[in-house]
Amino acid sequence: FAAAARCSRRAVSSAAEVSTSFAARGAPSDTIFALSTAPGRAGIAVIRVSGPATREVLRLLPPGGTRRGGGETGSHTSHASLRIRHREVLPTRFVCPTTGQTLDRGLFLWFDRPNSFTGEDLCELHVHGSLAVVKAVLLALGTLSPPGGEHKSGGVGVETGVVRHAEPGEFTLQAFRNNKLDLTEAEGLGDLLRAETEAQRRQALAIAGGSLRTLYSGWRTTLRKAHAHCEASLDFGEDDEIGNDVFLSLAPIVNSLLCELRLHLAAPPIGEMTRSGVRVALIGPPNAGKSSLLNALAGRPVAIVSDVPGTTRDAVEVGLDLNGHKVLVTDTAGARETNDAVELEGIKRSKQHARDADVVVLVVDGASMSGVETLPKWAMDTAHAVVLNKADLLEGGVEKNDWRGILNPLNPNLLAATTLSLSCATGNGIDAFVEWLRVTVAARVDGTAGDCAGICAITRSRHRGRLEECVVHLARFESAAACASGRHEVAAEELRLAQRALGHVTGHVDVEELLDVIFRDFCIG
């Protein structure tokens, strides 16, 4: 009876997981359409249609269809009799299905299910990229009436037919529901669409191509096999010694996986830095030249520069592309003692930016060293480099090493910081600083592009949280498996929960609540 109860409980749990996963991934889809290229004037615009009623779009082709040689036929064959093959391209006119008026001339591409991107019947209409042409074709698609039915007007631009305009990311959502990709690949595709630098492109392309899916699915397969052995031992093992042997034999396998996961989590946050950008914070006393340095890096006046101390009250951020890496440089409020409530809030935020930054640059007035003695400890503890600005005001050109005698007694941590002198006024030394910054950023992320020691890097906090959850369950399994047979059912449950945590990352279980969050940032088409 105990074994039967265990089987019943696990069957209900597994059925719930499968049911939820099936509901998330196998739900029927509408037929949707959208402009897949950027809106505005262009040589070509691509309109994509996907779903079970995609064949109805053939009604936008002229009644005679098209000849496979490329020219239009003169016959009056119905669109329903047109036979079109997978991946076939047809040069054609596009006509209004209600009036027969020619809308444009272009190409019609067809992809059969399940071999399309979405897993549904899918077609693309390649038309000229003017605003008027795109609007006319989209309007014709939105007002396609059901076969044999009469079109009911819903007003200009109102969709009343068999296809509807897609929501953001809905084509990729169709692909996910049809098991064409998992959540990590969908996220990689989203990152690829937003990639600004070469490193982001390489990383996103690898993830969209399945690098994380392969890694995580392999781990999940290992867990599934181990869990199956545990359940078989519990359900059919009549001898406690046999059960002990089974769980002990699984211990090395689980321990090996646990070590891999811990290594994966302990790796530097290369993937997250590549995706979000390497954060550089410019900190220091007021009037040291932080805003001037930011303007010099940006090549334009993005921050206000003034002789009045405390001009910068809030952070000003500029994005740079340094040798293929996204770098976010932030100018912060000058750190000093003050009673001004607004300035105090700015200094508080400066401290937080210094804590969150990957690279911290302490900028000081190299000519007068004003404000250095009153710098708070946090401003010097975190500095990776000390920039001595206003070098043009130094007579005779004092060597950089001379300034260590002034800076280092303030905070021994500055001994490890790189010291650079420059002048934002003349531009001297700016190139050397940019080169140092380039090398520093490259040391953190270059040569990896989302891969660290042969292991794909974590790119999202969502992944990190679920993997940490998996590690917790595997550690609990080890403790339970080493105990007497009374703990074996607990050990089996921990394996199931670990497997489930990995399933959350790839989208195999209970992810419906994540779909809106993941796909809402995609472009429409």
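As a basis for the values below, the full set of heavy atoms in this structure was taken, side chains included, without hydrogen atoms, waters or symmetry mates.
- For the pair K180 and F117, the minimum side-chain heavy-atom distance is 4.5 Å or more.
- For residues 420-437, every residue pair satisfying the salt bridge (charged side-chain N to carboxylate O under 4.0 Å, His left out) rule, not counting sequence neighbours, is listed here: E435-R438.
- Closest non-hydrogen pair, L261 versus V471, comes out as CB-CG2, 3.7 Å.
- Between the side chains of D331 and S291, at least one donor N or O sits under 3.5 Å from an acceptor N or O.
- A distance of 9.5 Å separates CG in L388 from CG in D365, rounded to the nearest 0.5 Å.
- In this structure, CD on Q174 lies 8.0 Å from CG on L122, to the nearest 0.5 angstrom.
- In the model, D182 has no side-chain atom that pairs as donor or acceptor with a side-chain atom of T506 under 3.5 Å.
- Every residue meeting the side chain to side chain contact (heavy atoms under 4.5 Å, CB included) condition with E469, not counting sequence neighbours, appears here in chain and number order: R466, H473, A501.
- Within the structure, ring-ring contact (aromatic ring centres under 6.0 Å, His included) contacts touching residues 180-218 (residues at least two apart or in different chains) are Y216-W219, Y216-H264.
- The minimum heavy-atom distance linking E185 with G210 is given by the pair OE2-CA, 3.4 Å.
- Residues passing the side chain to side chain donor-acceptor pair (under 3.5 Å) test with S256, sequence neighbours excluded: none.
- Between T37 and A45, the shortest heavy-atom distance links the atoms OG1-CA, 3.4 Å.
- Proximity of V280 to V361: side-chain heavy atoms (C-beta onward) are separated by under 4.5 Å at one or more points.
- Listed by first and then second residue, the salt bridge (charged side-chain N to carboxylate O under 4.0 Å, His left out) pairs involving residues 278-287 are R279-E317 (not counting sequence neighbours).
- Residues H504 and R500 have side chains in contact (heavy-atom distance under 4.5 Å, counting atoms from C-beta outward).
- Under the side chain to side chain donor-acceptor pair (under 3.5 Å) criterion, K351 pairs with no residue at all, not counting sequence neighbours.
- Residues that satisfy the side chain to side chain contact (heavy atoms under 4.5 Å, CB included) test with S276, not counting sequence neighbours, are absent from this structure.
- Remark: the H126 side chain and the E124 side chain contain an N/O donor-acceptor pair separated by less than 3.5 Å.
- Shown here for T54 and D121, the closest heavy-atom pair between the two residues is OG1-O, 2.9 Å.
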Working for side-chain contact (heavy atoms from CB on, under 4.5 Å), residues V329 and V327: CA-CA 6 Å; V329 184; V327 179; 3.9 Å; yes
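- For the residue pair T274/Q200, the side-chain donor-acceptor check at 3.5 Å is not satisfied.
- Qualifying side chain to side chain donor-acceptor pair (under 3.5 Å) partners for R476, counting only residues two or more places apart in sequence or in other chains: none.
- Exactly one residue among V434, V439, T440 makes a side chain to side chain contact (heavy atoms under 4.5 Å, CB included) with W436. That residue is T440.
- For the 3.5 Å distance criterion, the side chains of Q203 and D191 fail to qualify, holding no donor opposite an acceptor.
- Counting only heavy atoms from C-beta outward, the side chains of L35 and V134 approach each other to under 4.5 Å.
- Considering CG of L109 and CG of L125, their distance stands at 9.0 Å, rounded to 0.5 Å.
- Salt-bridge check for R462 with E187: passed, with a basic side-chain N closer than 4.0 Å to an acidic carboxylate O.
- Residues L437 and L322 meet the side-chain proximity criterion, which asks for heavy atoms closer than 4.5 Å.
- Rounded to the nearest 0.5 Å, atoms CD (E170) and OG (S50) are 9.0 Å apart.
- The structure places CG of L141 at 11.5 Å from OG1 of T31, a figure rounded to the nearest 0.5 Å.
- More than 12 heavy atoms of other shown residues, nucleotides or ligands fall within 6.0 angstrom of atom NE2 in H384.
- Seen from the ring of F171, R48 counts as a face-on cation partner, given the 6.0 Å and 45° thresholds.
- For I44, the CD1 atom sits in a loose shell: 12 or fewer heavy atoms of surrounding residues, nucleotides or ligands are nearer than 6.0 Å.
- Here the closest non-hydrogen pair linking P285 and V364 is CD-CG1, 4.2 Å.
- With rounding to the nearest 0.5 Å, the separation of CG in L422 from CZ in F433 is 7.5 Å.
- Every residue two or more places apart in sequence or in another chain that forms a side chain to side chain contact (heavy atoms under 4.5 Å, CB included) with A296 is listed here: I430.
- A 4.5 Å side-chain heavy-atom check between L362 and L375 finds at least one atom pair inside the cut-off.
- Between T172 and A186, the closest heavy-atom pair is CG2-CB, 4.0 Å.
- For the side-chain hydrogen bond (donor to acceptor under 3.5 Å, both in side chains) condition, the pairs that include at least one residue of residues 353-362, sequence neighbours left out, are Q352-D356.
- Ionic pairing of K348 and E343 is not present here: no N-O contact between side-chain nitrogen and carboxylate oxygen is shorter than 4.0 angstrom.
- Listed by chain and number, the residues in a side chain to side chain contact (heavy atoms under 4.5 Å, CB included) with S350 are T332, A333, W378 (sequence neighbours excluded).
- Residues in residues 283-297 take part in no salt bridge (charged side-chain N to carboxylate O under 4.0 Å, His left out) pair, two or more places apart or across chains.
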